[in-house]
Amino acid sequence: MDQKKCNELWQKFLLKIKKFDTNVILPPPNVTGSLHLGHALNIAIQDLQVRFSALNNYYINWIPGTDHAGIATQMLVKKSIGEKADNLSREELIEEIWQWKKKSESRICTQIKTMGALLNWEQYTFSLNENVTHAVRKVFCDLYQNKLIEKDKRMIYWDTKLQTAISNLEVQFKQIDGHFYHIKYFVTSKIPTKKDIKDSDKFFETSITVATTRPETIFGDEAIAVHPADKRYQHLIGCYAKIPLTNKWILIIADERCDPKKGTGAVKVTPAHDFLDFEIGKIHNLPQTVVILKNGTLAHNNLVPKSIQGLTIVEARKQLCNLIDMHIENLNHLVPYGDRSGTILEPYVTSQWFVNVEKLAPKALRVVRENNLSIIPEYWIKTYEHWLENIEPWCISRQICWGHKIPAYYTANGSIFVAEDEDSLEKQLAQTKYKRKDLREETDVLDTWFSSALWPLVTTGWPNQKTQINDFLVTGSDILFFWVTRMILMSMYCNDQIPFKTVYLHGLVQDEKGKKMSKSKNNVIDPMTILEKENADILRFALLYNSVPGKNARFSTKDIDTSRRFHIKIQNMINWTKLQNIWTKQHNIKYKHFWNIWIFNEITKLSQKVKNQINKWQTHEASQTVYFFTWNTFCSWYIEGAKHLLKNEDTKLETMHTIRVVISHLLHVLHPFLPFITEQYWQELYQNNEYEKSILKSKWPNLTQIQISDEKLHTTREIVKQIRSWSSIFNIDRNKTVKFMKFNELNENEEYDDVMLASQMLNLNFERGHADFLCLPLTILELIVYLPIKNITKEKIKEKLQTIIDVKSKTLIMLNKRLQDDQFVENADFKIIQETKESASELQDTIDMTSKMIQNLENKK
RNA sequence: AGGCAUAUAGCUCAGUGGUUAGAGCGUUACGUUGACAUCGUAAAGGUCGUAGGUUCGACUCCUAUUAUGCCUACCA
């Protein structure tokens, strides 16, 4: 089993392709570590399509690559370095990450190759390659010039652990058990003076209680808002409330966005630390008072009590419970977490770069609505549309070092220059008073998905070359918004064309209980440990067999077992042909025997069926089809019969030939599912192990069925099936001969090779004629077969025959009832009526025959 | 809160406006060890989530409802 040789052969095959028909990109894995089962599934599905296409003379330039995965990789590297990471300079850290990248990249590429993917490695791209940087800068500048990118001070989600802004999409809301803190603010209608404050006890008129989940932000409060129509608080509007533990007084204001039903109906407004408060603050002209720092600790300023300055949010909250008299209630609520760092995110007002994606969205919506771009499964289209219709500006700047630098430059007084390269920057400067040395380069880098959004372009030489529309994209449904939509948006913007015609979304690979695989749950199945033990084919088939579009696949070692059994079955089947000397003498003989013609027609049908299923992306069904054919149709039926044809000199040679032909076709049909084993057998059995021509060189079987009545085939299979079935109820007397008769005519010369084959498969002796002893008469198609049973009595036979009549009559009555229904006859399709009639008459025949047998039995006494 | 999806055999899931709804695994019985670290055959097991409607005919289409999952959302 030399898989390396197969890979070499396939690479050679790719090199010889002069012109590819289309491009397809492999979703670039992150250089964070190694491949997981999701990658393996993704590769298996694409490789199935790529190989199938190649077998049908359609060549796909499947382009591999890896992604730098900014935040994720930087985080991992820092973690691996430990505390020393903080002492490294920016450049040193970047260097460390490059080292990590090299290792991870080479590991990933080896793993992909082990899977047997038919990728064009000549065009391998890493997302920080020079040409990618070039394209990224170009697109950024274009967008900036068209006012589609802008820098702005807005409230964004801030990750206090990673100390960077992140986009809305990277926020994961989690339902957690938290607390609702009811805090009392004392209230007065008079403007408080210094004296009042000193003498506060006498001064208070009333109080207002505010419910919050974030008591530590009270020092940033700038108002308390109530609904204007809320009768409980109307009289307090315009009064002043005192923030506990401070001498700060804030106004009670009216705002319609307050929901009287929530909490106490009065909400504290903290414009610097909450999205809604930020909006309210803008309208009411409130200052943004920052009390929580970028690292998630309480600020050192005179608003925050000394004792909690510098504490983390969690610690501060604990302290405040002791310092302030408050009522605490349990509350299950949603809290924003960073999907990478796993920490609670802080709303924070900072200056960031944004893409106004809402202006790009209409085109992306149109291409899907006009069916230029299809998504499989279709129901994702609704989600896609919904998201694009409600899309918000995309925050693309990240305060980390690993990534594409934002091509912006600042002067000391805050003027911004955005330039693709130094030349263009100089040109811009020439028209101003600034010099290059006056400028400070932006240190922020771009969100990784910004360069990913250009992936179909950058992998194929854009902007120097125009990018072709890819045939398809295969990726996980979890990154539809992160990646797929953004590629569509960018491709429409840069190229004014869709990036791909079809998007196939597969689900996640979960464990057998339907849980996400994660290290903490210790339920991760590493594809590499499977690949160490098993052939890649086994992993691939297990994944494909499980994969239904858009649905998560539950994966367990049982699936590997099933797949391995299939693999072994194929090996055993081929082994058997070798033992039969099928391959030694190569006679090219026309098949005449119905059994051989039948299997030829079956493989013809199979190749058509699988072709349709692959074209429709029905990977699961296609896998099932090839599995069923190989195991049941070919091994259990055809070969079991062929064993007897090989014993007979008349049929021996043509059967050997049939087996050779059918297996050659079967190897092709199986190839996209099991590339290694099929290539190996192809080389061994058909290419004399010369390793010159890959199986991909020869083509998918597009055959024409041989016209033949399948009556004989049915007879053989029916006899075998029925007698097997009866033999599980009765004990067949194998010492006696099975007599059989034909219903209607008595052609002495007829060969009955169908009955003979059945008799051989059953290991019973068949002979024409009536039985002269008591036995079980069976009606099988046109035949009466007298099955000898040990210790049979007349009553038992009658009983069995009667059950046959009973069962058949039940169905017959139903069918007749339907046929007598005028409505049915009027409305149903002609074909359906015809079929119903035929079934009814067949049933009637069987019933008649069986009754006759009962009569005969009685006549015999 | 809204959107989407799912509900079918003991388990994991396919599938279809038309007789009697399938597969793999599991269970039970029998057979085989002559390609099969087995294999084969057979059996048991399902009012296709619930309730209505459309139709000659609904597991399939429509409506409502329940449960579960995912996505989206500013809930103090």
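Every chain is numbered from 1, with letters handed out A, B, ... down the list of sequences. In this text, all values refer to a predicted model and were calculated from it rather than measured experimentally.
- Residues A:H386 and A:Y384 place their aromatic rings such that the two centres sit no closer than 6.0 Å.
- Spacing of P atoms, B:rG52 relative to B:rC13, comes out at 30 Å, to the nearest Å.
- Defined by atom type and a distance below 3.5 Å, a donor-acceptor pair is missing between the side-chain atoms of A:D255 and A:H227.
- Atom C1' of B:rU50 sits at a distance of 29 Å from the matching atom of B:rG24, rounded to the whole Å.
- Paired regions of RNA chain B, where each region holds three or more successive Watson-Crick or G-U pairs whose two hydrogen-bonding distances fall under 3.5 Å, are B:1-7 with B:66-72, B:10-13 with B:22-25, B:27-31 with B:39-43, B:49-53 with B:61-65.
- Using C1' as the reference atom, B:rG45 and B:rC25 are 14 Å apart when rounded to the nearest Å.
- Here, B:rA73 and B:rU27 have their C1' atoms 48 Å apart, quoted to the whole Å.
- Atom NZ in A:K831 sits roughly 14 Å away from atom C1' in B:rG17 (whole-Å rounding).
- Distance from the side chain of A:F824 is smallest for B:rG18 among the nucleotides B:rG24, B:rG18, B:rA35.
- Between A:N827 and B:rC56 there is a side-chain N or O to OP1 or OP2 distance below 4.0 Å.
- By the 4.0 Å N-to-carboxylate-O rule, A:D829 lies too far from A:K831 to be salt-bridged with it.
- Residue A:K643 places at least one side-chain N or O closer than 4.0 Å to OP1 or OP2 of B:rA35.
- Among the heavy atoms of the strands, none lies under 4.0 Å from A:E279.
- Relative to the side chain of A:H620, the nucleotides B:rA14, B:rU19, B:rC56 differ in distance, and B:rA14 lies closest.
- In the interface, the side chain of A:T836 is not paired with the base of B:rU19 through any donor and acceptor atom under 3.5 Å apart.
- For A:H333, a side-chain nitrogen or oxygen approaches OP1 or OP2 of B:rA76 to under 4.0 Å.
- Contact check, A:W631 against B:rG40: a side-chain N or O comes under 4.0 Å of OP1 or OP2.
- For A:K652, the NZ atom is loosely surrounded, since the number of other residues' heavy atoms within 6.0 Å does not exceed 12.
- Note: A:Y545 and A:Y627 meet the aromatic proximity criterion, with ring centroids under 6.0 Å apart.
- Between B:rA51 and B:rU66, the two C1' atoms lie 11 Å apart (nearest whole Å).
- In this structure, A:D259 reaches the bases: a heavy-atom distance under 4.0 Å links it to at least one base atom across the strands shown.
- A residue-by-residue look at A:C635 and A:F628 shows that A:F628 has its nearest nucleotide of RNA chain B further toward the 5' end.
- Salt bridge status for A:R369 with A:E389: present, with a side-chain N to carboxylate O gap under 4.0 Å.
- Using modelled atom types, one finds a donor on one side chain and an acceptor on the other under 3.5 Å when comparing A:T217 with A:K268.
- A side-chain donor-acceptor contact under 3.5 Å links A:S167 and A:E170.
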Distances for protein N/O vs nucleotides 41-44 of chain B N/O pairs under 3.5 angstrom?
| unit_1 | atom_1 | unit_2 | atom_2 | d |
| --- | --- | --- | --- | --- |
| B:rA42 | O2' | A:S728 | OG | 3.1 |

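- Using atom C1' as the reference point in both B:rC59 and B:rG22, the two lie 13 Å apart (nearest Å).
- At the heavy-atom level, A:K382 lies under 4.0 Å from the strands shown only through sugar-phosphate atoms.
- Separating the P atom of B:rA44 from that of B:rA1 is a span of 47 Å, rounded to the nearest Å.
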List every contact pair, protein side and nucleotides 63-74 of chain B side both N or O, where the distance is under 3.5 Å.
none

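- Among the atoms of the strands shown, only primed sugar atoms or phosphate atoms (P, OP1, OP2) are found under 4.0 Å from some heavy atom of A:R565.
- A:Y157 and A:F275 have their aromatic ring centers within a separation under 6.0 angstrom.
- The gap from the P atom of B:rU8 to that of B:rG49 amounts to 6 Å, rounded to the nearest Å.
- Of the candidate nucleotides B:rA14, B:rA5, B:rA76, B:rA14 has the atom nearest to the side chain of A:E621.
- Residues A:E602 and A:K609 are not paired through a salt bridge, judged by the lack of any N-O separation under 4.0 Å between the basic side chain and the carboxylate.
- Using a 4.0 Å heavy-atom criterion, one finds that A:L815 contacts the bases of the nucleic acid, with or without backbone contacts as well.
- Looking at the side chain of A:I568, the nearest of the listed nucleotides B:rA37, B:rG24, B:rA76 is B:rA37.
- Between the side chains of A:N546 and A:H620, not a single donor N or O lies within less than 3.5 Å of an accepting N or O.
- Between A:H327 and A:H182, the two ring planes are tilted [angle within 30° to 60°].
- Each of B:rA35, B:rA76, B:rC56 was ranked by its minimum atom distance to the side chain of A:Q823; first place goes to B:rC56.
- Both cation-pi conditions hold for A:R154 and A:F354: the charged atom is under 6.0 angstrom from the six-membered ring centre and inside a 45 degree cone around its axis.
- In summary, the side chains of A:T270 and A:E222 do not present any donor paired with an acceptor at a separation below 3.5 Å, with no hydrogens or angles considered.
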